[in-house]
S.K.: 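The structure under discussion is supplied below as structure tokens; questions concerning it will follow.
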Amino acid sequence: MVAAPFLNASQTKAVEHLAGPLLVIAGAGSGKTRVIEYRVLRLIENGIAPGSILLLTFTRRASKEMLSRAAKRDPRAAEVEGGTFHGFAVKLLRQFASKLGIKTNFTVLDQGDAAEAMHRCATEKKLYEGVHRFPQKSTLQKIVSMATNKRLDVATVIEREFPNFVECAEGIEILRDDYAKYKLEQSYFDYDDLLLYLRLILGEPAVQTYVNEQYRFVMVDEYQDTNLLQGEIVKLLGGERQNVMVVGDDAQSIYGFRGAFHKNILNFPAEYQGSKIIKLEANYRSSQEILDLGNGVLQTMEHRYDKHLKSADNRHGDLPNLLFFKDTAQEAEFVADQIQEYYHDGENLSEMAVLFRSSYLSFNLQTELAKRRIPYDVFGGKKFSDTAHVKDLLSYLKLLANPKDELAWNRVLMLFEGVGPKTAQKLIVQLKGRATLVEMKAVFDTLGEKAKYKASLVRLIKGLAAAQELVSNLGQAYEALLETYRPLLEDKYDNWTQRAKDLEMLSQIAARYDSIETLLTDFALEPPEREVSEVSGVFQNEGRVTLSTIHSAKGLEWGNVFIIGMIEGIFPSSYALKTDEGLEEERRLFYVAVTRAKQRLYLTLTHYGFAGGITQFNKPSQFLEQPAINSYLDRPDKEAPAAPKPAPTPDIGMDKDQLLAKLAELYARK
DNA sequence: TTTCGACGTCTTTTT
DNA sequence: GACGTCGAAA
């Protein structure tokens, strides 16, 4: 038997559970990662084939971490099938695509691509014409996506979340069908399609039997964040055996905005007959002072579930600090000072994190850290792959994978001077009549000589064709594409040297792959986070500070945590204040943030802020005003020292003529 | 048909 | 600040 040290009684019960449905309610820091890890080992030990165990998580990082830890104790664990719902869907759909009449090498659209595709459909249908105001493409995407994830019709979604577009509901409902058809024609799958089609094929008895045969034990992490579709998918994956173990914490459900249905976790016992429930309550992460604050936050929740965080080893530390600053520059200085201080006390930078509600809140801090040459990583917010130049190059790559990719062609063609939407569309129609890049060259060759973009486009297609020759070595193919793209890069962007560095980095990533499809899918599903600081000197090999949105920090922990921007309207977000459900989700988010800290926790806010173009006086977050929370904080004297009374303005008695005379004097002296 | 500048609107979180 | 719309000029 695998030695499983330090597991407490309920953890052991969860690990020992073999067949049948199991719900594990795992409080923050209760060691659920270890439970999953050891249960995998236990199953394998009991003779279950590793390949028939499926572990579904929300980030690939999470599943990789759990499985690689398990694999250190038993190498067979590396063969367990693990990944995100979306990644698993791609795998299965590639396998079944041909049976559905879909190309095996279908393209996965990220959110931006999806918005672009929808825009094309809406333009085609002339939906923008004759309507006073039609949602912009990213809003269209949000509306349609939410309808899918919450299983609602467009009208209901608009009524609830986008009331200013009620009169467009009908048009968008039509667009939704057009968009679905368009994607099928083009072999495009957006994020929602991956779940939708996975659910669809699992609903076919033959497919379900096949899949149930393959996967006999299913585990799902962060079950409170699954949506209706994912709930159904899990049920179908469980099949008749119902060897389904789900792990989650209803107090940490923070993805309602993308359709998470946290009743999934509440309904689990009813949905799965004969299921067992195990609660993990002992906390192995934080000091009791931090947990007290966490408990305070739990108390403020309206839908409170019985839960009380208790430090398992009775660890103690300082009270969480609440600090006020004049502006974000001072806030950033303080955080950087504090990080440096802990560093000099011998703590590793990787034990320090700064968390925030929205990614822009960290901009000032990034500048400050860079100035001091403190290395950091940023999580959440704009991704590396969201930048224009990276998207450009990814489009080039997409054309190698599928020369008929309309969206990619559109983006690439529009890069050239003199080519706008109309010209691009005309060219695309012609291009799609040819099968390969080599044949497509003729389209550009036959362009009128007076078209000033002719030469550049011929150069482009030659470059693409040449790169395709090298595709068996992705690193080389990429370099060829980069050379073709370089003149456009230098022409288009003032800061092209900066951007060229990003593209060099992309080159290294590309070289690690051996299939373009895999590369592109990975970029769509789990794009690399933005690499920001490259720092040398004092802090080398000392790890890096983490700057992260609270959402991206879930599941992680650090010794010292700073939560910045504790301002009403920012956290909780004014956007969420519109509904009770929204505010409740912000509370859960605050709970997640607080419970990331092991030893020290700082909450900070600034008096002056900049919003909507004007400087305003910030109000502290309403969370900080609640006694249940407030009383667990070490806060400064509420009264700021009174500013000295300004003396009366001295009289200098000068009229306009005298002023002008004085001015003349000053001008003359120059 | 494209490009450019002026002006208006909305501004969160992620697979 | 990003994105979209509109009108004018090339």
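To find a chain, count down the sequence lines: A is the first, B the second, and so on, and within it residues start at 1.
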S.K.: Within the modelled atom types, does a donor on one side and an acceptor on the other bring the side chain of A:R258 and the base of B:dT13 under 3.5 Å apart?
M.R.: no
S.K.: Going by ring-ring contact (aromatic ring centres under 6.0 Å, His included), name the residues that satisfy it together with A:Y215, two or more places apart in sequence or in a different chain.
M.R.: A:F88
S.K.: When we call it a touch if two heavy atoms are under 4.0 Å apart, what does A:T423 touch: a base, just sugar-phosphate, or nothing?
M.R.: sugar-phosphate
S.K.: With DNA chain B as reference, determine whether A:A424 or A:Y191 sits nearer its 5' end, using the nearest nucleotide of each.
M.R.: A:A424
S.K.: Taking ring-ring contact (aromatic ring centres under 6.0 Å, His included) as the test, write out the residues that go with A:F523, two or more places apart.
M.R.: none
S.K.: Whole-Å distance between C:dC3 P and A:L140 CG?
M.R.: 15 Å
S.K.: Heavy atoms under 4.0 Å, any strand shown: does A:G87 hit a base, just sugar-phosphate, or nothing?
M.R.: nothing
S.K.: Are side-chain heavy atoms of A:Y453 and A:T423 found at a separation under 4.5 Å?
M.R.: yes
S.K.: Would you say B:dT15 has OP1 or OP2 under 4.0 Å from some side-chain N or O of A:T59?
M.R.: no
S.K.: Can you check nucleotides 3-7 of chain B for protein contacts, nitrogen or oxygen pairs under 3.5 Å, and list what you find?
M.R.:
from	atom 1	to	atom 2	distance (Å)
B:dT3	OP1	A:G418	N	2.7

S.K.: Per the salt bridge (Lys or Arg N to Asp or Glu O under 4.0 Å) rule, what does the pair list look like for residues 408-426 of chain A, sequence neighbours excluded?
M.R.: A:D392-A:R411
S.K.: Kindly indicate whether the side chain of A:L407, heavy atoms from C-beta on, has any atom under 4.5 Å from the side chain of A:Y188.
M.R.: yes
S.K.: How close or far is atom P of B:dT15 from atom CG of A:D110, stated in whole angstroms?
M.R.: 12 Å
S.K.: Base, sugar-phosphate, or nothing for A:F85, non-hydrogen atoms under 4.0 angstrom?
M.R.: nothing
S.K.: Quick one: list whatever passes side-chain hydrogen bond (donor to acceptor under 3.5 Å, both in side chains) with A:T595, sequence neighbours left out.
M.R.: none
S.K.: Could you tell me whether A:S359 contacts a base, only the sugar-phosphate backbone, or nothing, with contacts defined as non-hydrogen atoms closer than 4.0 Å?
M.R.: sugar-phosphate
S.K.: How long is the line joining NZ of A:K142 and P of B:dT13, in whole Å?
M.R.: 9 Å
S.K.: Just checking, any donor-acceptor pair under 3.5 angstrom between side chains of A:E222 and A:Q224?
M.R.: yes
S.K.: Within a strict 4.5 Å, meaning less than it, do heavy atoms of the A:L195 and A:T148 side chains meet?
M.R.: no
S.K.: Give the nucleotide from the list B:dT15, C:dG4, B:dT1 with an atom nearest to the side chain of A:K422.
M.R.: B:dT1
S.K.: Are a donor atom and an acceptor atom from the side chains of A:T328 and A:N364 found within less than 3.5 Å of each other?
M.R.: yes
S.K.: Measure the distance from CD on A:Q141 to C1' on C:dC3 and round it to the nearest whole Å.
M.R.: 16 Å
S.K.: B:dT13 P sits how many Å from A:Q252 CD, rounded?
M.R.: 20 Å
S.K.: Mind calculating the distance between CG (A:N164) and P (B:dT11) to the nearest angstrom?
M.R.: 8 Å
S.K.: Just how far, in rounded Å, is P of C:dG1 from CG of A:D386?
M.R.: 19 Å
S.K.: For A:E331 and A:T606, test the side chains for any donor-to-acceptor distance below 3.5 angstrom and give the result as yes or no.
M.R.: no
S.K.: What integer distance in Å separates A:N149:CG from B:dT13:P?
M.R.: 18 Å
S.K.: Does A:F257 stack onto the base of B:dT13, taking stacking as ring centres under 5.5 Å apart and planes under 30° apart?
M.R.: yes
S.K.: Please list, in numerical order, the residues of residues 547-557 of chain A that have a heavy atom closer than 4.0 Å to any atom of DNA chain B.
M.R.: A:T549, A:H551, A:S552
